[in-house]
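Shown next, in C-alpha cells, is the structure this report addresses.
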There are 2 protein chains.
Amino acid sequence: MKNVKGVPQSRPLFRQVYDNILNRMERGEWRTDDKLPSIRMLAEELKVHRLTVFKAYRLLSEEGKVYVRDKSGYYVSADGVLSSELEEGSFVSSYTISNSLSDIHRIQAKYQFSQALIDPNLLPNIYLSDYVKKVFDLYPKVMGTYASIQGDDELRESLSQHFREHHRLQLSSEELLITSGAQQAINLIAQMMLRPMDTVLIERPTYSVAMDIFRRQGARLIPVLITPEGYDLVEVEALMREHKPRMFYMNPTHHNPTGYTVPAWQRKLLVELAERYHCLLVEDDPFRDMYFEEEPPLPLFAYDTEGWVIYISSFSKYIAPGLRICAVACRYPFMEQLIKAKSLADNGTPQLNQKIFLHYYTSPRLQRHLDKLRIALQVHKEIMEEELALAGWEWTAPKGGLNLWVKLPGDISADLLFRKSIEQSISFVPGEICDPLGELKSWIRLSFSFANEIDLREGMQRLTALSRTL
Amino acid sequence: MKNVKGVPQSRPLFRQVYDNILNRMERGEWRTDDKLPSIRMLAEELKVHRLTVFKAYRLLSEEGKVYVRDKSGYYVSADGVLSSELEEGSFVSSYTISNSLSDIHRIQAKYQFSQALIDPNLLPNIYLSDYVKKVFDLYPKVMGTYASIQGDDELRESLSQHFREHHRLQLSSEELLITSGAQQAINLIAQMMLRPMDTVLIERPTYSVAMDIFRRQGARLIPVLITPEGYDLVEVEALMREHKPRMFYMNPTHHNPTGYTVPAWQRKLLVELAERYHCLLVEDDPFRDMYFEEEPPLPLFAYDTEGWVIYISSFSKYIAPGLRICAVACRYPFMEQLIKAKSLADNGTPQLNQKIFLHYYTSPRLQRHLDKLRIALQVHKEIMEEELALAGWEWTAPKGGLNLWVKLPGDISADLLFRKSIEQSISFVPGEICDPLGELKSWIRLSFSFANEIDLREGMQRLTALSRTL
C-alpha cells in the first residue's frame, strides 16, 4: 500500500508533469495561444516542486510546444496541439484506439466473405442445447457463482490432458488460463509485456486486430514476411539481434490471412532463437483442427522447454464461437502476471460458458463433428477456388484454415474493388488492413467458411465479374 | 494506416528512447555496471538518429541512472535499476499489476464474510434453467454467432426501457454498452480516460479493485471522504478546482464498503459540479435494487443533461452473477471510444449470456425474486447486527447493500484480527485495503450476503469471541 499516488515509479517526475501538460493541451483544455498556469499554480495543483514544473515547461519550450511571452508566462504554440486529432469540445483521451477489422465487419453483406467465421448451420447447435441441459443438471448453481480467475478447474484439467495427448504439450492445468476469446488473450499478453517503444515482430500479412492492440500499447511493429515456405530464419535472427523484440506474435498454422503453415523444422529453430534472444513467441493457433488432408506439424509450444512460448488455443470457434472460450498455455512467471491482468480485466470468464464447453468438448461427438466440419469446409474452399481459377486470380492452396489469400489480376486496386463490392452486398478484407506496412494493395482475404454453398458460388461469380468491369 | 510504427505521436522521440532504455534496465536486460550499447549501435537498433539517442543518454546521465566512464561509453548506475522490483531472470514487464481483493478472495473460509456475493441458495437457479431452455428454443443458433460489440440489440432495447421507467433515465439503446461485469466496465473506462499523472477523485473508503485498475493506468488518486451524510461538497468542488480530476469514481447508493447513500440534493449538485469542472462522474451502481425499507434516490445519471455521467449498472449480481452481464449508460462521444475499447478487449460479451439474462430479466419472476431476496438479505443483515451489538462494535445501519462497515472496539488491529480469523476459517476485508491512503486500520468490511443464516451467526460469534482474546 506504499505507492499511494499510483504513479509508476520509474518515470522522472518532471516528465510526468510534461506528459500531463501535453495531454491537457491535446484534449483541448488549453488551446493555441492560451496562457498556461504559472509555475507556482501548476506546482500547487500537481503537488510537485516548482523546479519540476519549470523543467517540464523548459522541455516543452525547447520542443516548440509552448512559447514564452515577455516574461508574462508560458503560452500554447500552434504546434503544441495535434489539431487533426482534436475534436471540438471532446475531452476523450487522445490515445489512438482503433479497430479496422471491426469497422469492416459492421458492414452487412449478403455475400459475406470478410468474416473468418463458420456458417452457423455447420455447427452442432441442437446437440449443444442437449448438453446445456446436462450442464444445468450437473451444476444447478452454475449461474449463481463466479468462476475462479484462472478458469474452471475441471475444464483446465481436461484441456491440459487433451493438449498432452493430441499435441504433445507437456502441460499442467496450472499452466492454463481460460480467457473470453483469443482476442482477450492477445490483449492481456500485450498489457503484460508491452510498453511504448518496445518492438514486436509480427508476420506480414497478419491479423489486423493484433496490430491495433499492440499499437495502442505504443509498440513498434517489425514485419516478418510469411511465405508458403514459412519465414526466412536468417532474417528473423537478424531482426531479433538488431531490434531485441519483446515478442514475436505469430499464427504459424493455417495462417490468417494466407493459410500458409510454417514447417516443423523451422518451429524447432524458432524456439531456439526465442530462448537465445529472450523473445517471447506468442503462438496464436485457432485453425489447427481445420486441416484438409493431413494434420499440421506440432505447435511451437511442444518444442519449448524454457518458457519462451505462449500458446493461444481458441478452438471454440468451430464448436460454439458464441461461448467465447479460449485457452492460453503459458509457463511461470509469465502466467502469474497474466492471471493478474485477467483479474483486473473481468475477474474471470463466466462459469456457465466454461461448463457448457467442457461437456461438449469431452464428448465423442466432438470428433465426429470435426470430421464433418473439415469435409464441409473443404467443399466450400473448392467452390471458391473453382471460381478463382475461372477468373485467373492467383492464390496458394492452403492446407487448412478458413481463408484464401488472393492476388488480384493486373493492376486492379483492392480498395476500389472493395468499394464497388459493398454496393453489390459482397464483403471481403482488403489486404492492406492485414499489412503492418499498409501496402499489399492488390491482395485480398476471402473467407470461405461463412457463406453457404449457393451464396459462395453466386457471390464469387459476381465478384469476379465485377472485377472485369474495373 | 500512416502511423506504421505505432508509436503515439505526441511523445518526443528522445523520450521514447529514454523510456526504452530505462525499461530494459528495469527488466534486467542491462544490470548495474553493465556497459550499454554505443550511441551508434542503439541508433541503428531503434532506427532513430544518433542525436536522439545522445539526448536520451544525456538525460539518463543527468538523472544518475547511467554514468560515463572515461569516454568508453555509458554504464548502468546502481540507482538505475529498481532492484526491489527486479526478479532474477524475469523479463516480465515491471508495470505494477496487482489486485489485493482477489488475493483475499482466494482464501477459502467456512465463514465467508469477505465476498460481497449473494448466497447461491437465494438465487433463482431452477427458474433460470427453465429460461435457458426457452432461450435455446427461441435462438437455436445462439452459440454459433458472435454478439455485436456494443451488445445484443434486444437486451439494450429492453434495458433502456427499464431504465426509463424505473430510474427516469432518458436513454436510448444506442447509449448502452453491455460488458462482462462491472469490473470490465471500470477497466474500459480507465483505458479510455486515464493517462499517467491524471488525477481521479475516489471515495474513501472505496472498492479496492477500482484503485488497482486506476493505479495500473498511472493515475493519482485523490480521496473524497464518504460519510452517512454523503460528501462534503465544498471539499469536492475545491478538489475539482485545484486538481482538475479527469473523473470521480463513485458508488453513491448503498456504497461499498460502508453502505452509505448520498442524498438526492447532493446528486443534483454533483452533476452541476461535473459539468462546470469537466470532471466525468463514473457512477457505479450495483446495489440499487438491494434496499431494505425504501427505494434509494434516483441515479446521478438521471440529473445529467450534458453527458458528464457514466452509469454502471450491474444488477446480474442478484439474479445470475455467473452470467457476468453489466450495462453501461454513456453519452456520445464517450460511448464511441468505449465501444472501441470493448472491441479490442474481447470483441463483445457472449450472446448466450445476454439472451439468458434478457429472458429472465423481462419476466414477472424478476420482481417476485427481488422482493424475496430483499427480505432474505435484511434477515441476514439483522443477524449480523445482533451479534455486533452484543460485542459492542460500532457501525451505521445501511439502508441497503450487502455489507456492514464496522469499527473495531478499542485498539484492536484489523490486520491482527484478520490473520487470527483466517486460522479459524473466518474471512473478511480489512478496511486498509479499501482506503486510498492505506489507513483505516481499525475498520473492517463484513459481507452478510454470502454465508447462510446458521454460518452467519456462528461465524460472527466466533469472530467477536476471537477479538476479545487479542
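Lettering of chains follows the sequences in order, A, B, ..., and the numbering in each one begins at 1.
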Contact leader toward chain A among [options], where contacts are heavy-atom pairs under 4.5 Å:
options: B:I118, B:L352, B:L117; value: B:L117
options: B:Q351, B:K244, B:M41, B:Q184; value: B:K244
options: B:P350, B:S180, B:P124, B:A190; value: B:P350
options: B:L123, B:V132, B:L122; value: B:V132
options: B:D137, B:V200, B:N121, B:I186; value: B:N121

Checklist entry - Are a donor atom and an acceptor atom from the side chains of B:N187 and A:D346 found within less than 3.5 Å of each other? => result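 The answer is no; no qualifying pair exists.
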Checklist entry - Do we see a donor-acceptor contact under 3.5 Å between the side chains of A:E63 and A:Y18? => result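 Looking only at side-chain atoms, A:Y18 and A:E63 do form a donor-acceptor pair, the distance falling under 3.5 Å.
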Checklist entry - For chain B, which of A:S316, A:G348, A:P321, A:C326 has the most heavy-atom pairs under 4.5 Å? => result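 Looking at each of A:S316, A:G348, A:P321, A:C326 in turn, A:P321 comes out on top.
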Next on the checklist: Under the rule for salt bridge (charged side-chain N to carboxylate O under 4.0 Å, His left out), what residues qualify as partners of B:E306, not counting sequence neighbours?
Outcome noted: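 With sequence neighbours excluded, B:E306 shows a salt bridge (charged side-chain N to carboxylate O under 4.0 Å, His left out) to no residue whatsoever.
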Counting only non-hydrogen atoms closer than 4.5 Å, does [X] touch chain B with its backbone (N, CA, C, O), its side chain (CB onward), both, or neither?
X: A:L280; result: neither
X: A:Q115; result: neither
X: A:V17; result: both

Item to check | Separation between CD1 of B:I339 and OH of B:Y332, rounded to the nearest 0.5 Å | outcome: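 If I round to the nearest 0.5 Å, the distance is 4.0 Å.
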Checklist entry - Testing B:Q354, B:Q150, B:R324, B:K342 for side chain to side chain donor-acceptor pair (under 3.5 Å) with B:T349, which one passes? => result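 For B:T349, the side chain to side chain donor-acceptor pair (under 3.5 Å) test succeeds with only one of B:Q354, B:Q150, B:R324, B:K342, which is B:K342.
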Item to check | Partners passing side-chain contact (heavy atoms from CB on, under 4.5 Å) against B:E242 (at least two apart in sequence or in another chain) | outcome: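 B:E242: side-chain contact (heavy atoms from CB on, under 4.5 Å) contacts with A:K47.
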Checklist entry - In terms of ring plane angle, is the pair B:H278 and B:W308 parallel, tilted or perpendicular, where the classes change at 30° and 60°? => result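 Geometry flag for B:W308 against B:H278: parallel rings.
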